[in-house]
Undergrad: 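Shown below is the structure under consideration.
By convention here, the first residue in the shown sequence is residue 1.
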Amino acid sequence: MTTIPQWRLRAAFAQRLSEMYGREVPAYTTLVEVSREVNQDVLRQAGPEAERLGSIGRVTAERHGAIRVGTPAELHQVARIFGALGMRPVGFYDLREAASSAVPVVSTAFRPIEAGELARNPFRVFTSMLTPADPRFFTPDLRERLERFLAARQLFPPELLELADQAERHGELPEAAAERFLHLAVQAFELSTEPVDQAWYEELARVSGVAADIGGVTSTHVNHLTPRVLDIDELYRRMTGRGIAMIDAIQGPPRWSGPDVLLRQTSFRALAEPRALRRPDGSVTTGSLRVRFGEVEARGIALTPAGRAGYDTLLAKTDAHLAAHPDADRGEVARSIWEQGFPATERDLAVERQAFFTYEPVLDRPRDGRKPAADLATLIDQGWVRAVPVVYEDFLPRSAAGIFQSNLSGKGSRNDTQAAVGYDADRLSDAIGRPVLDPFALYAEQQGTSLEHVAQALELTEAIR
């Protein structure tokens with residue numbers, strides 16, 4: 001009997017989801033085409049260096065999606081579906097605090113966690129959960145009606161969840177079951193044709209467009225899909241040149257002369273899509289809702305906690321300068337601050353322990369009478385080891401919130417006289433039914449093992465010589 005392993009299920013799901021989203025949002029297909037063109041151009045110009053943060057095959061296939069759910073029970077079901085694909089929840093993101101407008105959600109990202117699985121297919125899904133209990137956004141009456149509405153809906157059919165559990169339990173599915181699972185999973189994230197209760201949706205939209213998109217409908221859907229590009233600034237120019245309206249800025253670190261780190265993101269603006277709307281008198285009319293968009297990302301090197309603290313400091317300096325000089329160009333300001341305050345080379349990032357690398361022994365290094373040194377700087381400088389950057393596989397809450405905000409039609413409402421309701425990784429873990437993993441710990445584990453192997457390889461090489 002032919003069986004389909006989890007990684008092939010994941011790759012097939014990502015591909016089918018992309019095809020479905022392209023049919024529903026044609027501008028996304030344009031985004032994928034332009035991303036592919038830019039990547040091929042960068043590869044021709046830069047050669048092997050263009051693949052330093054991932055092979056062109058991986059980069060071309062790479063996607064991350066975004067979905068939104070309303071309750072812990074729904075989040076738990078999502079975790080079962082992605083568990084079938086070998087994806088675990090990694091990272092906690094509080095977009096309520098990262099956004100200047102009303103974005104009442106907390107999030108995690110489901111993704112593979114092992115380097116080999118990421119290389120096979122690095123599909124990720126940024127998954128946000130609504131926070132009806134937060135009184136800054138929802139009055140007691142609205143919260144009660146919203147929670148009742150969410151409790152009454154069913155996002156995922158029982159057959160899909162049963163197949164998901166089987167796939168996670170066995171690490172594979174028989175071919176026919178795999179096909180059924182993929183069909184049901186993709187179908188679950190299609191945009192529903194069910195009429196939307198117009199009055200209810202608009203009431204939630206006055207609080208937040210994100211709240212309406214989650215709690216104003218009886219289903220969920222892919223909110224955006226994201227290809228990866230090697231030159232996001234060039235993609236931004238080409239998309240604008242094709243007449244596609246992009247958001248105002250590229251989120252994340254600035255373009256500068258040093259190493260690419262963390263994550264840069266941008267998107268085309270959410271499109272007005274025709275939707276069936278049910279009026280208060282029960283009649284159905286055709287209107288439009290603006291909720292879905294196409295995002296694109298450029299990934300850099302994963303930073304250590306120290307490097308991330310440095311990034312946050314530079315971000316705060318940039319914000320402070322712009323507050324004092326509101327007419328200044330944000331890109332120029334950020335670039336100037338980064339040039340002065342961030343390590344200028346990968347070597348510096350490695351030696352200062354500000355980014356994660358794996359280390360390869362240079363086994364054919366010419367003999368010069370020296371022995372391997374004890375410190376990393378000398379090992380790199382004398383050519384004993386080669387530092388290979390670890391790709392940042394996760395997200396930035398401020399960037400995610402910036403993308404969300406840029407695609408909202410208004411700021412919504414937020415009552416900051418009320419105290420926030422606490423959410424953290426532990427609370428999200430309880431909802432999901434499995435631990436939300438710390439991304440720093442995953443990167444450190446990958447790097448630590450590598451350093452041990454390098455030391456052993458260098459000792460063996462010298463002994464043989």
Side-chain angles (χ1 to χ4, degrees), residues 1-21 61-92 106-114 116-118 120-130 150-192 214 217-225 393 428-437:
M1 179 178 62
T2 302
T3 59
I4 309 300
Q6 285 182 312
W7 78 265
R8 286 184 58 194
L9 285 173
R10 182 170 70 250
F13 177 72
Q15 179 62 33
R16 295 189 190 193
L17 201 67
S18 186
E19 292 169 356
M20 177 271 284
Y21 197 66
E62 196 158 344
R63 296 286 185 276
H64 95 242
I67 61 170
R68 300 164 176 171
V69 296
T71 68
E74 291 175 352
L75 185 62
H76 179 77
Q77 292 177 342
V78 164
R80 292 165 66 186
I81 295 169
F82 294 139
L85 305 176
M87 299 161 67
R88 304 277 298 280
V90 180
F92 171 77
V106 293
S107 311
T108 189
F110 291 89
R111 67 167 176 88
I113 61 172
E114 296 175 358
E117 288 298 300
L118 285 161
R120 280 173 161 171
N121 185 274
F123 185 56
R124 315 168 188 84
V125 181
F126 190 82
T127 304
S128 299
M129 183 182 74
L130 196 60
L150 293 170
R153 70 182 186 179
Q154 182 184 65
L155 299 184
F156 308 108
E159 184 185 2
L160 171 60
L161 297 172
E162 291 167 6
L163 287 169
D165 293 342
Q166 182 182 341
E168 184 169 18
R169 184 166 55 250
H170 299 295
E172 60 186 9
L173 280 176
E175 191 170 20
E179 181 60 33
R180 181 62 177 165
F181 169 82
L182 291 168
H183 171 76
L184 291 172
V186 172
Q187 187 178 64
F189 295 108
E190 291 178 349
L191 191 67
S192 174
I214 300 172
V217 294
T218 57
S219 60
T220 189
H221 52 257
V222 177
N223 179 256
H224 64 259
L225 271 180
E393 305 287 356
L428 215 58
S429 296
D430 290 341
I432 293 170
R434 59 193 78 192
V436 173
L437 303 177

Undergrad: Heavy atoms only: give me the nearest P89-P435 pair and the separation to one decimal.
TA: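 Looking at all heavy atoms of both residues, the shortest contact is CG-O, 3.5 Å.
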Undergrad: For residues R10 and F123, report the shortest heavy-atom separation together with the two atoms involved.
TA: CG-CB, 3.9 Å
Undergrad: Can you measure from CZ (F110) to CZ (R434) and round to the nearest 0.5 angstrom?
TA: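 Going from CZ on F110 over to CZ on R434, the span is 7.5 Å.
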Undergrad: Under 4.5 Å between any side-chain heavy atoms of M129 and P72, yes or no?
TA: yes
Undergrad: Which atom names give the shortest non-hydrogen contact between V436 and S429, and what distance separates them?
TA: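 What the structure gives for the nearest pair is N-OG, 2.8 Å.
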Undergrad: Say you draw a straight line from CG of L191 to CE of M20; how long is it, rounded to the nearest 0.5 Å?
TA: 9.0 Å
Undergrad: At what distance, to the nearest 0.5 angstrom, does CD of Q187 lie from OG of S192?
TA: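 Q187 CD to S192 OG: 10.5 Å, rounded to 0.5 Å.
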Undergrad: Return the minimal non-hydrogen interatomic distance between L428 and S107, and the atom names on each side.
TA: CD2-O, 3.7 Å
Undergrad: Checking R8 side chain against E172 main chain: does a donor-acceptor pair fall under 3.5 Å?
TA: no
Undergrad: Less than 4.5 Å apart, any side-chain heavy atom of R111 and any of H64?
TA: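 No, every pair of side-chain atoms sits at 4.5 Å or beyond.
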Undergrad: So do the side chains of F13 and I81 get within less than 4.5 Å of each other, counting heavy atoms only?
TA: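 The answer is no, as the side chains (C-beta and beyond) never meet within the 4.5 Å cut-off.
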Undergrad: Quick one: does V125's side chain get under 4.5 Å of F189's, heavy atoms only?
TA: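 Answer no - side chains too far apart.
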Undergrad: Tell me the closest heavy-atom pair linking L182 and A12, and the distance in Å.
TA: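 Reported closest heavy-atom pair: CD1-CB, 3.8 Å.
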Undergrad: To the nearest 0.5 Å, how far apart are CZ in R180 and CG in L163?
TA: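 Rounded to the nearest 0.5 Å, the CZ-CG separation comes to 8.0 Å.
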Undergrad: What's the spacing between L150 CG and L155 CG if we round to 0.5 Å?
TA: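 Here the rounded value is 8.5 Å.
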Undergrad: Would you call L173 and Q166 a side-chain contact if the rule is heavy atoms closer than 4.5 Å?
TA: yes
Undergrad: I'd like to check the side chain to side chain contact (heavy atoms under 4.5 Å, CB included) partners of A188; sequence neighbours left out, ordered by chain and number.
TA: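 Here the qualifying residues are F156, L160.
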Undergrad: Indicate yes or no: does E190 engage R16 in a salt bridge with an N to O separation below 4.0 Å.
TA: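 No, no charged N to carboxylate O under 4.0 Å.
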Undergrad: Is there a donor-acceptor pair under 3.5 Å between the side chain of T108 and the backbone N or O of G91?
TA: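 The answer is yes, because a donor-acceptor pair under 3.5 Å joins these two groups.
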Undergrad: Once rounded to the nearest 0.5 Å, what's the spacing between atom CG of L437 and atom CD1 of I113?
TA: 5.5 Å
Undergrad: Charged N to carboxylate O under 4.0 angstrom, R124 versus E62?
TA: yes
Undergrad: Looking at R120 and E117, is there a salt bridge between them, counting it only when a charged N and a carboxylate O are closer than 4.0 Å?
TA: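 Salt bridge between E117 and R120, a charged N being under 4.0 Å from a carboxylate O: yes.
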Undergrad: Would you say T127's side chain and I67's backbone share a donor-acceptor pair under 3.5 angstrom?
TA: no
Undergrad: For atom CD of E19, decide whether the heavy atoms of other residues, nucleotides or ligands shown that lie under 6.0 angstrom number more than 12.
TA: yes
Undergrad: Apply side-chain contact (heavy atoms from CB on, under 4.5 Å) to the pair I432 and F82, showing each step before the final yes or no.
TA: CA-CA 11 Å; I432 293 170; F82 294 139; over 6 Å; no
Undergrad: Which heavy atom of R68 sits nearest to which heavy atom of I214, and what is that distance?
TA: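 Looking at all heavy atoms of both residues, the closest pair is CB-CG1, 3.3 Å.
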Undergrad: Output every pair passing side-chain hydrogen bond (donor to acceptor under 3.5 Å, both in side chains) with a member in residues 76-91, not counting sequence neighbours, ordered by first then second residue.
TA: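 Sorted pair list: R80-D165.
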